[in-house]
Amino acid sequence: MRTTLSAADFVAMFHLVADRIEEEKVRLSELDGVIGDGDHGITMAIGWNAVREILTPELEEKSITDVCNLVARTFLNAVGASSGPLYATALMRGGAALKGREGADGAALAGFLAAALQGLRDRGKAEPGDKTMIDAWTPAATAAAAAAEAGALPAEVLRAAAEAAGKGADATAAMLPKKGRSAKLGERALGHVDPGAASAAVILAAMADGAARP
Amino acid sequence: MRTTLSAADFVAMFHLVADRIEEEKVRLSELDGVIGDGDHGITMAIGWNAVREILTPELEEKSITDVCNLVARTFLNAVGASSGPLYATALMRGGAALKGREGADGAALAGFLAAALQGLRDRGKAEPGDKTMIDAWTPAATAAAAAAEAGALPAEVLRAAAEAAGKGADATAAMLPKKGRSAKLGERALGHVDPGAASAAVILAAMADGAARP
Amino acid sequence: MVANSKKFMNDPDAIVREMLEGFFGAHPDIVRPSSANPRAVYALDGPREGKVGLVIGGGSGHEPAFIGYVGKGLADAAVAGNVFASPAPEPILQAARDVHRGAGVLFMYGNYAGDVMNFDMAAEMAAMEDLTVRSVAVIDDVASAPRERRTERRGVAGDFFVFKAAGAASDKMLDLDGVVAAAEKANAATLTMGVAMSACTLPQSAAPNFHLGDGEMEIGMGVHGEPGISRGPVLPADKVADELVDRILAESGAGAGEQVSLLVNGLGSTTLMELYVLHRRVRQRLDDARISIHRSFVGEYVTSLEMAGASVSMIRLDDDLRRLLDHPCRTAALVVA
Amino acid sequence: MVANSKKFMNDPDAIVREMLEGFFGAHPDIVRPSSANPRAVYALDGPREGKVGLVIGGGSGHEPAFIGYVGKGLADAAVAGNVFASPAPEPILQAARDVHRGAGVLFMYGNYAGDVMNFDMAAEMAAMEDLTVRSVAVIDDVASAPRERRTERRGVAGDFFVFKAAGAASDKMLDLDGVVAAAEKANAATLTMGVAMSACTLPQSAAPNFHLGDGEMEIGMGVHGEPGISRGPVLPADKVADELVDRILAESGAGAGEQVSLLVNGLGSTTLMELYVLHRRVRQRLDDARISIHRSFVGEYVTSLEMAGASVSMIRLDDDLRRLLDHPCRTAALVVA
Ligand SMILES: Nc1ncnc2c1ncn2[C@@H]1O[C@H](COP(=O)(O)OP(=O)(O)O)[C@@H](O)[C@H]1O
Ligand SMILES: Nc1ncnc2c1ncn2[C@@H]1O[C@H](COP(=O)(O)OP(=O)(O)O)[C@@H](O)[C@H]1O
Ligand SMILES: [Mg+2]
Ligand SMILES: [Mg+2]
Ligand SMILES: [Mg+2]
Ligand SMILES: [Mg+2]
């Protein structure tokens, strides 16, 4: 397993994210149909499919920061919606945290995730417990930090983040919504997982799988 | 059984027609749904329910002709559609054929039906075989004339007409439509009974039952 | 496909009356009711001395037709029947009397057996009162009869163009012959073809008025669900537009360098988004044929309750017809300024 | 209730682009495209020296909003997002640049998290280019948050009144503060409440976007199917109208002798017949309260694809707002002459 991830690895990870989102599109839209407007899977797929288009071999020559910025802008312009500004900000902040690095080790990956989370929070102003993607990203960043602290490799850091995100997403079922389209739903949202939290878990799992490839 | 029908008998017959049409409303609309615009039962019910409103005891004091005219105008104004002008014309012509009569015997009833049929044909310009109510009314008038010729009582004349109308209506299933909304349907109308022919049979059966009441 | 059988209504038997009451309450600056004729809608400032009176009408359920086309510059009165049923002669005759200003009256309606019979009866009754009445039945639906029997064709969304031309002619104070000529010219120049995706439910019944299978559409279907030319799987929008345009162009005779006006009409629950997608292709086809579009109308102009479907209407223009379409009018459904 | 999943479309991923192409092809006398900004619609003769530029926008699927409100006297540009998704900052910023004529730009949109984030990012980027941009998010949906938290409310059909007021103010050459003040005044005066009868199907998915049982309706539901206040059996139209009006009147503070303007809006597949039946009752209620109606709008002004449902919007008028609503405009969806 790699000790550091290169720009090419990031390109590969984002490729896998695009594939997984496409696979999960219907499920994610269905989740959004229950507590939102039914488009989350479609929106994410539009965005990540647009990203796939720009993930060219030439991109692997650029810096990780440049890759993240380009992915962020591409995603944003293809998507708009809530997810566009949120993920664009997250990716730009994550990319900025890796500025100047040739490769990212476990600790750098944890820093990437922490910066991404901060970007989501600055942009969306949601708090943990509001039943949004923040409830997947917050435990993910925490778990990543702990794994990095314990000396984990990049793929292990991402794996820890993905698992925590999955649990975090599941936990949103028990939450009352506070932000986004489902905020008006109140009690009726109980028992239903937040689609943005669910897609966060998909994204992190894809990144972990991508990082673990031989 | 009565040898002649009075204005009061006509009022009673029309009452029964209104009741039967209301009972058959859904079936008639369904027939129209297959080969027309789905409103024939509704239309007939609107018309005959409006007629029911004006079938007051005072009306029984008027002449048969007056009763028929009032029923015709009431039906027409409540309905419009195709059925309105057709039945209004039929009833006015039928009523005119009984002008000056205190009571209508079997032959008079046959004359009433023949005049009504002529009214339908003058108004709608349909030919027998065009798959319309004409295909119920034509055999009905013929059967009525034969029965009257044989000396039948009014109720028997109407019964003969009703039975012939029912057979005529059934026979429309095998016809290609030529007039009305179903004319554009061609082959696809084969196997389906014309709703206007079906309602004609309902009307004549109700009249026969009304005339046969003790 | 299950039609929407949930409706905002009170008593289904009162729905036409309540609609009209709502209409008058919403547009008192355009129309007025008449207590003597509860089934008619009168233009506030339409009828005037020496102007031909234009009376349009037909079954309810096609809103904004017919009531939405009453107002200065268009119809002087509309008479509303029950849902999908022609109005009766009495209110039509009353409307003729009420809009008559010494220059005669023109009746216009879509060509259906019921409408023809009721308007004809009204015209006969008007003649007995020495009112001069002429009638033009719109026959734009190319799918409803072959060209050789075009007088048997139904009137569908093309009503809009034909009424508009006649309304403008009457507003320009043409005499009755002139208004009839304008109406007939527009009628001859207008062709429509439609396609349906689903049935609708009449307010008084709980069931859809016809059946179209899942994933099926019917090309050429009429606005009351009258069968069309072919039923088959749902096609891509461009293919649908092509089928409609092919048929219309084949018949219209409009050629390169000519000008037309278009109506892409929604039947009830088809979205404006889809109508614009259809218009896109129709326009490509006309561009290819070097036929220019003077004006396009896209939206719900003649509906069939909440039926899903659309139609394309094309009117071939000359200078006269173009001026008539561009003539100002102010109605609930159409403002041309 | 099964939503209509049959649509006139080609590639669902291309539907917004194709709709816009269709729109430009249909209304070249009102709007123009920009090759530099394929997601925006520009008014042909809106922007002019010294006039505040008005940019509106939001997700597609609400047609005629937002593109239908672009034209002289109303918005200078509309930016279209994907279906039910806010447009991205880039095309919004581009529109701001393109309609800017030295007097600043106003962004207006319905108050949704996504729209707020995207328009705010665009505003931040505009500021970096020294463009003066202000924003007003419409918050008319009374069902979406209690009065104490009204800034959290969604923007629904009331968009129409608020955009119209701002567009008129900008056309009258008020300065940016003046246009913002007009927009905010209209925003504060406008209240809407809606009710849904069925779901709609997004072009890219085959399934309805939410579920409402047979015979069920939901009062207060949002235009994307966001849950409302109560779900229950379908009520008679008058009862539905009462629920909406009660809530609106309780909050508006409009009293006897005052004047309002009304919008009875269809969400997609609700017929005009039903909308007029609703208007009838709304008007009875306002008559009872001795509130007069200056102008009513009845039809599809802000839709949710082919959702069945309706909303009632009321704007409490003073002389200023009345003049702004009556100010002429010419757009694809609305002509005021
Ligand atoms: N303010 C916010 N902060 C963080 N996440 C948010 C916020 N608002 C919405 N979300 C997330 O966005 C998801 C919905 O995204 P999407 O369906 O793509 O956008 P839209 O809400 O515009 O339809 C929600 O499930 C939630 O996780
Ligand atoms: N020209 C005609 N002559 C005789 N009967 C006709 C004619 N046109 C239609 N009909 C009859 O009318 C029936 C339909 O009536 P209805 O549904 O009430 O009117 P509409 O056709 O206006 O919907 C048809 O089934 C047919 O029997
Ligand atoms: Mg969503
Ligand atoms: Mg019928
Ligand atoms: Mg009918
Ligand atoms: Mg959305």
Side-chain angles (χ1 to χ4, degrees), chain C residues 1-2 4 6-10 15-16 18-23 25-27 29 60-61 63-64 68 197-198 203 215 217 234 236-238 240 262 264 268-281 283-284 293 295-296 298-300 303 305-306 308 310 328 330 332 335-337, chain D residues 1-2 4 6-10 15-16 18-23 25-27 29 60-61 63-64 68 197-198 203 215 217 234 236-238 240 262 264 268-281 283-284 293 295-296 298-300 303 305-306 308 310 328 330 332 335-337:
Chain C
M1 270 312 306
V2 173
N4 175 19
K6 301 188 231 174
K7 289 190 199 290
F8 294 105
M9 62 179 172
N10 298 302
I15 197 165
V16 174
E18 292 188 349
M19 168 186 75
L20 292 174
E21 287 174 12
F23 187 74
H27 309 299
D29 52 326
S60 293
E63 290 69 29
M197 292 254 200
S198 79
M217 59 167 40
V234 173
D238 285 358
V240 174
L262 280 182
V264 177
S269 56
T270 290
T271 61
L272 209 43
M273 175 178 279
E274 293 160 84
L275 299 182
Y276 280 116
V277 169
L278 289 171
H279 189 280
R280 171 181 172 275
R281 180 63 184 166
R283 166 140 205 167
Q284 285 174 353
I293 303 175
R295 224 180 227 262
S296 283
V298 181
E300 295 184 352
T303 63
L305 293 172
E306 76 286 358
R330 201 166 95 83
V335 175
V336 175
Chain D
M1 272 309 309
V2 173
N4 175 22
K6 303 189 229 173
K7 289 189 200 289
F8 295 105
M9 64 179 172
N10 298 300
I15 197 165
V16 174
E18 292 188 350
M19 167 185 74
L20 292 174
E21 288 174 13
F23 188 75
H27 309 297
D29 53 327
S60 294
E63 290 69 29
M197 292 255 203
S198 80
M217 58 166 42
V234 173
D238 286 357
V240 174
L262 280 182
V264 176
S269 56
T270 290
T271 61
L272 209 43
M273 176 178 278
E274 293 161 84
L275 299 182
Y276 280 116
V277 170
L278 288 172
H279 189 282
R280 171 181 171 275
R281 179 64 185 165
R283 167 144 204 163
Q284 285 173 352
I293 302 175
R295 225 181 226 261
S296 283
V298 181
E300 296 184 352
T303 63
L305 294 170
E306 76 286 358
R330 202 165 95 84
V335 175
V336 176

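Each chain gets a letter, A, B and so on, in the order the sequences are listed, and its residues count up from 1.
- In this structure, the portions of Ile15(D) lying under 4.5 Å from any heavy atom of chain C include both its backbone and its side chain.
- Looking at Leu278(D), only its side chain comes within 4.5 Å of chain C, counting heavy atoms on both sides.
- Both the backbone and the side chain of Val335(D) come within less than 4.5 Å of a heavy atom of chain C.
- Tested against Glu21(D) for a side-chain contact (heavy atoms from CB on, under 4.5 Å), the candidates Arg280(C), Arg283(C), His279(C) yield a single pass: Arg280(C).
- For chain C, the option among Arg281(D), Glu63(D), Met273(D) with the highest count of heavy-atom pairs below 4.5 Å is Met273(D).
- Interface remark: Val277(D) contributes backbone and side-chain atoms alike to the contact with chain C (heavy atom separation under 4.5 Å).
- Between Thr271(D) and Met19(C) the shortest side-chain heavy-atom distance does not fall below 4.5 Å.
- Proximity of a side-chain donor or acceptor of Asn10(D) to a complementary backbone N or O of Asp238(C) within less than 3.5 Å is detected.
- Between chain C and the options Arg295(D), Glu300(D), Gln284(D), the largest number of non-hydrogen pairs under 4.5 Å is found for Glu300(D).
- Neither the backbone nor the side chain of Asp29(D) comes within contact range of chain C, judged by heavy atoms closer than 4.5 Å.
- Contact of Ser296(D) with chain C is made through backbone and side chain together, with heavy-atom distances under 4.5 Å.
- Across Ala26(C) and Val298(D), no two heavy atoms sit closer than the pair CB-CG2, 3.9 Å.
- Remark: side-chain polar atoms of Glu274(D) are paired, donor with acceptor, to backbone N or O of Phe8(C) under 3.5 angstrom.
- Heavy-atom pairs under 4.5 Å with chain D peak, among Pro328(C), Ala237(C), Ser60(C), at Ala237(C).
- Put simply, the side chain of Lys6(D) does not reach to within 4.5 Å of the side chain of Met217(C), judged on heavy atoms.
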